[in-house]
**Student:** 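I'd like to ask you about the structure that follows.
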Amino acid sequence: MGILVSGNVHFAGRVDDGNGIRDLLYSIDNGENFHQVNIKNNTKERYATFDITVNTREFKDGPAVIWFKATDNAGSTGIYSFLYFIDNTKPDVKIISPAPDREVNGKFSVAGFAKDTIGITKLTYTYGSETGEIELIPGNPYWCLNFDATNSKEKAQKFSIKAIDRADNVVEVA
């Protein structure tokens, strides 16, 4: 209950009833419309298993509820709701300095910011063949890295920064 999700989300579970399960429905629009779920009945143990996939990109970020409605073989109905939080917004990442058209050489710094409403869990960089992780400081979205290209024989090196948020949304800026 209360899980943070992004993209296609897989819901799987089990429905139990002493009379066995006749059918299972789900709703992603607050119970206005219910959709049939394919279930696998275990008649000996009197339960059914299910799995469905919901594309959360069709909804706004924020809290959402999926409703399940099961009917047993005697005609009784039970309802269950499951709360989850949608976050399909990628982190906001920008390289502030140096400007994209500015040439640098020798010793130089690259600075920028990485922020996300829900929070960033990992921030990494790649500079040529060098890679590393940037320490995340709570409340501070800014970062700065120092490089030394004085001994480099390369005329140009690609720099990129990659951020991953708590819902596993990824953005990479080069």
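Remember, predicted model here, so these are calculated numbers, not experimental data.
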**Student:** So does Tyr47 get a backbone contact from the side chain of Asp16, meaning a donor-acceptor N/O pair under 3.5 Å?
**Tutor:**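 Absent.
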
**Student:** Could you tell me whether Asn105 atom CG has more than 12 heavy atoms of other residues or ligands within 6.0 Å of it?
**Tutor:**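 It does not: Asn105 CG has 12 such atoms or fewer within range.
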
**Student:** Quick check for you: to the nearest 0.5 Å, what is the distance between Thr56 atom OG1 and Asp87 atom CG?
**Tutor:**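 Taking OG1 in Thr56 and CG in Asp87, the distance rounds to 9.0 Å.
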
**Student:** Does Phe59, at its CZ atom, have more than 12 non-hydrogen atoms belonging to other residues, nucleotides or ligands within less than 6.0 Å?
**Tutor:**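 Correct, the count exceeds 12.
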
**Student:** Does one hydrophobic cluster hold both Ile52 and Ile86, with members joined at side-chain heavy-atom distances below 4.5 Å?
**Tutor:**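 Linked, Ile52 and Ile86 end up in one cluster.
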
**Student:** Under 4.5 Å between any side-chain heavy atoms of Phe68 and Val15, yes or no?
**Tutor:**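 Counting from C-beta outward, Phe68 and Val15 never come under 4.5 Å.
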
**Student:** Does Ile3 share a hydrophobic cluster with Tyr80, counting links as ILVMFWY side-chain heavy atoms below 4.5 Å and allowing steps through other members?
**Tutor:**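 The answer is yes; both residues are in one hydrophobic cluster.
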
**Student:** Does Asn41 reach the side chain of Ile21, with side-chain heavy atoms less than 4.5 Å apart?
**Tutor:**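 A side-chain contact under 4.5 Å exists here.
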
**Student:** Locate the shortest heavy-atom distance separating Arg46 from Gly18; write the atom from each residue and the value.
**Tutor:**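 It is CD-O, 2.5 Å.
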
**Student:** When you measure from the side chain of Ser27 to the backbone of Asn33, do you find a donor-acceptor pair of N or O atoms at a distance under 3.5 Å?
**Tutor:**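 Yes: the side chain of Ser27 pairs with the backbone of Asn33.
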
**Student:** Looking at OH of Tyr125 and CD1 of Ile95, how far apart are the two atoms once the value is rounded to the nearest 0.5 Å?
**Tutor:**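 The distance works out to 13.5 Å.
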
**Student:** A side-chain contact here means heavy atoms from C-beta on lying under 4.5 Å apart; do Glu130 and Phe147 qualify?
**Tutor:**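 The answer is yes, as the side chains (C-beta and beyond) meet within the 4.5 Å cut-off.
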
**Student:** Applying side-chain contact (heavy atoms from CB on, under 4.5 Å) to Ser6 and Asp168, what does each step give before you reach the verdict?
**Tutor:** CA-CA 7 Å; Ser6 177; Asp168 291 331; 6.0 Å; no

**Student:** Does the Asp61 side chain pair with the main chain of Asn88, one donor and one acceptor, at a distance under 3.5 Å?
**Tutor:**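 Indeed, once roles are kept as given, a pair shorter than 3.5 Å links the two residues.
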
**Student:** If you group Ile, Leu, Val, Met, Phe, Trp and Tyr by side-chain heavy-atom gaps below 4.5 Å, do Val171 and Tyr142 land in one group?
**Tutor:**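 Per the 4.5 Å side-chain linkage, Val171 and Tyr142 are not co-clustered.
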
**Student:** Would you say that more than 12 heavy atoms from the other residues, nucleotides or ligands in this model lie under 6.0 Å from the CG of Asn38, or not?
**Tutor:**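 No, CG of Asn38 has 12 or fewer neighbouring heavy atoms, counting only those of other groups under 6.0 Å.
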
**Student:** Taking all non-hydrogen atoms of both residues into account, name the closest pair between Ala149 and Tyr127 and its distance.
**Tutor:**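 Shortest heavy-atom contact: CB-OH, 3.8 Å.
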
**Student:** Is any side-chain heavy atom of Leu123 closer than 4.5 Å to one of Ile161?
**Tutor:**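 Side-chain contact under 4.5 Å: yes.
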
**Student:** Any non-hydrogen side-chain atom of Phe159 less than 4.5 Å from a side-chain atom of Leu145?
**Tutor:**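 Of all side-chain heavy-atom pairs linking Leu145 with Phe159, at least one is under 4.5 Å.
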
**Student:** Working to the nearest 0.5 Å, report the span between CG of Asp17 and CZ of Arg22.
**Tutor:**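 Taking CG in Asp17 and CZ in Arg22, the distance rounds to 11.0 Å.
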
**Student:** Give the C-alpha distance, both sets of side-chain angles, the deciding distance and a yes or no for side-chain contact (heavy atoms from CB on, under 4.5 Å) between Ile120 and Leu136.
**Tutor:** CA-CA 8 Å; Ile120 293 177; Leu136 297 169; 4.1 Å; yes

**Student:** Got more than 12 heavy atoms from elsewhere within 6.0 Å of CD, Glu103?
**Tutor:**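 Count not over threshold, so no.
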
**Student:** Atom CG of Asp23 and atom CG of Asp72: how far apart are they, to the nearest 0.5 Å?
**Tutor:**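 That separation rounds to 10.0 Å.
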
**Student:** Membership question, hydrophobic clusters at under 4.5 Å side-chain separation (ILVMFWY): are Val110 and Phe113 in the same one?
**Tutor:**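 Hydrophobic grouping puts Phe113 apart from Val110.
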
**Student:** So, for Ser81 and Met1, which heavy atoms are closest and what is the spacing to 0.1 Å?
**Tutor:**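 Taking Ser81 first and Met1 second, the nearest heavy atoms are O-CE, 3.5 Å.
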
**Student:** So do Ser76 and Thr71 actually touch side chain to side chain, heavy atoms under 4.5 Å?
**Tutor:**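 Side-chain contact under 4.5 Å: no.
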
**Student:** I would like to know whether Lys94 and Val173 meet side-chain contact (heavy atoms from CB on, under 4.5 Å); could you show each step before the answer?
**Tutor:** CA-CA 7 Å; Lys94 186 167 188 174; Val173 176; over 6 Å; no

**Student:** Going only through I, L, V, M, F, W and Y residues with side-chain contacts under 4.5 Å, is there a path from Ile134 to Ile96?
**Tutor:**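 Hydrophobic grouping puts Ile134 apart from Ile96.
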
**Student:** Is the ring pair Tyr26/His35 parallel, tilted or perpendicular, if the boundaries are 30 and 60 degrees?
**Tutor:**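 Rings of Tyr26 and His35: tilted, 30 to 60°.
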
**Student:** For the side-chain contact (heavy atoms from CB on, under 4.5 Å) test, which of Asp92, Ile164, Asp165 pairs with Asp116?
**Tutor:**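 It is Asp165; the other options fail the test.
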
**Student:** Let me confirm one number: the CZ-NZ distance from Phe50 to Lys40, rounded to the nearest 0.5 Å.
**Tutor:**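 It is 12.5 Å, given to the nearest 0.5 Å.
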
**Student:** Please check if any side-chain donor atom of Asn146 sits under 3.5 Å from a side-chain acceptor atom of Ser109, or the reverse.
**Tutor:**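 The answer is yes; a qualifying pair exists.
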
**Student:** What pair of heavy atoms forms the shortest contact from Phe85 to Gly2, and how long is it?
**Tutor:**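 Looking at all heavy atoms of both residues, the closest pair is CD1-O, 3.5 Å.
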
**Student:** Do the side chains of Thr77 and Lys69 get nearer than 4.5 Å, heavy atoms only?
**Tutor:**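 Yes, their side chains come closer than 4.5 Å.
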
**Student:** State the OH-CD1 distance between Tyr84 and Ile28, to the nearest 0.5 angstrom.
**Tutor:**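 Going from OH on Tyr84 over to CD1 on Ile28, the span is 6.5 Å.
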
**Student:** Side-chain contact test, heavy atoms from C-beta onward, threshold under 4.5 Å: evaluate it for Phe11 versus Ile66 and give yes or no.
**Tutor:**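 Answer yes - side chains close enough.
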
**Student:** Identify the two heavy atoms, one from Gln157 and one from Gly128, that lie closest to each other, and give their separation to 0.1 Å.
**Tutor:**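 Taking every non-hydrogen atom into account, OE1-CA, 2.9 Å.
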
**Student:** Quick check: are there more than 12 heavy atoms from other residues, nucleotides or ligands sitting under 6.0 Å from CZ of Arg57?
**Tutor:**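 Yes, enclosed.
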
**Student:** I would like to know whether Lys158 and Thr126 meet side-chain contact (heavy atoms from CB on, under 4.5 Å); could you show each step before the answer?
**Tutor:** CA-CA 8 Å; Lys158 179 182 175 185; Thr126 302; over 6 Å; no

